[in-house]
Amino acid sequence: MEKWELFLAPYEQVVTEMKIKLKGIRKQFTDKNEHSPIEFVTGRVKPIDSIKTKSRLKGIPLDNLEEEMQDIAGLRVTCQFVEDIYEVVNLIKSRNDLTVIQDRDYLSHEKESGYRSYHLIIEYPIQLVTGEKKLYAEIQIRTLAMNFWATIEHSLNYKYQGEFPEEINKRLIRASEAANLLDEEMSKIREEIQEAQQLFSH
Ligand code: GTP
Ligand code: MG
């Protein structure tokens, strides 16, 4: 194997293991016919080209990646409701097989672009034949609506390759507000349905 592949192999292991564990959370809820706070899970190891570009942009020396680039292993958890996000955050924070070392709440503090999500940086120990190795990973937790917005905004940004004109930025922010309203409305609808069900069950 060449140098990059050897460097990235342990990160592949982090992503594989964390995907299984997060999907395991979902299964425990659906097995009991309960609402799962996790709708689906995806994961990726950052492509080599993106690692190189980011290290150049952020001035991170290539031999310091392990310490300074904390999103080489990335997991994404998508939820139905905003409330689910906090439940997932608490479930992850209460685990004994990883340590949350940083959280970034872009829900109550959305980014200027209109981006909303909850980010956790974790330290995850993997067992190698050479012993235990702790690696960082980034978990992004967001609703389907936030994921819809972020996925398309990211692909537009990529195609545009640079700064959007101010007019486009404004429209993207408005689109993000629309996604936000959709989330709020779905939560309200769910709440009203639950209240109605409680009335009937008495
Ligand atoms: P990075 O260099 O991206 O790691 O910046 P950072 O260390 O300040 O982290 P931040 O929490 O801002 O963003 C980490 C990740 O969140 C990014 O790699 C994206 O996946 C996602 N993200 C952040 N801002 C945006 C945004 O405006 N649009 C989209 N689509 N994704 C975003
Ligand atoms: Mg980051």
Side-chain angles (χ1 to χ4, degrees), residues 1-31 36-79 84-107 111 115-144 146-147 150-151 153-155 157-158 161:
M1 271 170 112
E2 55 168 305
K3 204 176 108 261
W4 273 107
E5 285 174 73
L6 282 173
F7 172 73
L8 292 177
Y11 288 98
E12 296 279 359
Q13 192 170 325
V14 174
V15 171
T16 304
E17 290 183 15
M18 277 304 297
K19 260 164 81 173
I20 287 171
K21 290 178 179 190
L22 292 165
K23 286 177 186 190
I25 296 178
R26 173 175 166 81
K27 188 170 182 298
Q28 289 174 60
F29 285 95
T30 57
D31 281 352
S36 167
I38 294 180
E39 186 61 18
F40 61 84
V41 179
T42 58
R44 63 97 185 98
V45 171
K46 208 186 214 17
I48 299 169
D49 279 348
S50 312
I51 295 177
K52 287 180 181 165
T53 306
K54 185 169 171 175
S55 79
R56 218 179 314 117
L57 286 173
K58 300 226 159 182
I60 301 172
L62 285 180
D63 46 23
N64 230 356
L65 290 177
E66 215 173 280
E67 193 48 44
E68 288 188 51
M69 200 174 288
Q70 296 167 338
D71 64 344
I72 294 174
L75 283 307
R76 190 169 285 159
V77 175
T78 309
C79 313
D84 294 334
I85 297 176
Y86 296 103
E87 191 177 342
V88 173
V89 168
N90 289 332
L91 283 168
I92 293 173
K93 284 186 174 172
S94 68
R95 296 184 70 101
N96 296 323
D97 55 351
L98 55 84
T99 311
V100 172
I101 59 156
Q102 201 189 100
D103 62 351
R104 294 189 178 179
D105 181 357
Y106 297 127
L107 298 178
K111 299 193 74 164
Y115 177 77
R116 301 174 75 240
S117 271
Y118 203 109
H119 292 188
L120 294 174
I121 305 291
I122 62 163
E123 196 176 52
Y124 183 83
I126 50 164
Q127 311 301 317
L128 302 173
V129 291
T130 46
E132 183 175 280
K133 187 176 179 73
K134 288 197 175 94
L135 289 174
Y136 293 125
E138 179 175 273
I139 309 179
Q140 302 181 341
I141 309 152
R142 47 170 82 147
T143 62
L144 292 158
M146 294 171 197
N147 192 47
T151 302
E153 191 262 359
H154 182 261
S155 88
N157 230 320
Y158 192 81
Q161 296 218 325

Shortest non-hydrogen contact from Met69 to Ser55? CE-N, 3.7 Å
Interatomic distance, CD1@Ile60 vs NZ@Lys54, rounded to 0.5 Å, equals 6.0 Å
Tell me, do Glu68 and Pro61 make a side-chain contact under 4.5 Å, heavy atoms counted? yes
Which heavy-atom pair separates Pro125 from Glu132 by the least distance, and what is that distance? CB-CD, 3.6 Å
Worked verdict on Ile92 versus Leu22 for side chain to side chain contact (heavy atoms under 4.5 Å, CB included): CA-CA 9 Å; Ile92 293 173; Leu22 292 165; 4.1 Å; yes
Could you go through the side chain to side chain contact (heavy atoms under 4.5 Å, CB included) check for Ile25 and Val41 one step at a time? CA-CA 10 Å; Ile25 296 178; Val41 179; over 6 Å; no
Heavy-atom side-chain proximity of Tyr86 to Asp105 below 4.5 angstrom: yes
When rounded to the nearest 0.5 angstrom, what is the spacing between CG in Asp71 and CD1 in Ile139? 12.5 Å
Audit row: Ile51, Trp4, side chain to side chain contact (heavy atoms under 4.5 Å, CB included) steps and yes/no: CA-CA 11 Å; Ile51 295 177; Trp4 273 107; 3.8 Å; yes
Can you find a heavy atom in the side chain of Glu153 that is under 4.5 Å from one in the side chain of Tyr115? no
I need the Met18 CE to Ile126 CD1 distance, nearest 0.5 Å. 13.0 Å
Considering all heavy atoms of both residues, which atom of Pro37 and which atom of Asp84 are nearest to each other, and what is their separation? O-CB, 3.4 Å
For Ile141 and Cys79, work out which heavy atoms get closest and say how close. CG2-SG, 3.8 Å
So, does Arg44 use its side chain to make a donor-acceptor pair with the main chain of Ile72 at under 3.5 Å? yes
Taking the side chain as every heavy atom from C-beta outward, state whether His119 and Gln70 have any atom pair closer than 4.5 Å. no
So does Ile38 get a backbone contact from the side chain of Arg26, meaning a donor-acceptor N/O pair under 3.5 Å? yes
Is any side-chain heavy atom of Glu17 closer than 4.5 Å to one of Asp97? no
Working to the nearest 0.5 Å, report the span between OG of Ser36 and CD of Gln28. 9.5 Å
CG/Asn90 to NZ/Lys93 distance, rounded to the nearest 0.5 angstrom? 7.0 Å
What heavy-atom pair brings Val15 and Gly74 nearest, and what distance separates the two atoms? CG2-N, 4.1 Å
Measure the shortest side-chain to side-chain distance between Arg76 and Gln140 over non-hydrogen atoms and say whether it is less than 4.5 angstrom. yes
For a 4.5 angstrom cut-off between non-hydrogen side-chain atoms, does Lys21 reach Leu98? no
Mind checking whether Phe7 and Tyr11 have parallel, tilted or perpendicular rings, split at 30° and 60°? tilted
Is the shortest heavy-atom distance from the side chain of Tyr106 to the side chain of Met146 under 4.5 Å? no
To the nearest 0.5 Å, what is the distance between OG (Ser117) and CZ (Arg104)? 12.5 Å
Leu128/Gln13 under side chain to side chain contact (heavy atoms under 4.5 Å, CB included): CA gap, chis, key distance, verdict: CA-CA 10 Å; Leu128 302 173; Gln13 192 170 325; 3.7 Å; yes
Ile101 pairs by side chain to side chain contact (heavy atoms under 4.5 Å, CB included) with which of Leu120, Ile122, Ile121? Ile121
Could you walk me through whether Tyr136 and Glu67 pass side-chain hydrogen bond (donor to acceptor under 3.5 Å, both in side chains), step by step? CA-CA 8 Å; Tyr136 293 125; Glu67 193 48 44; 3.1 Å; yes
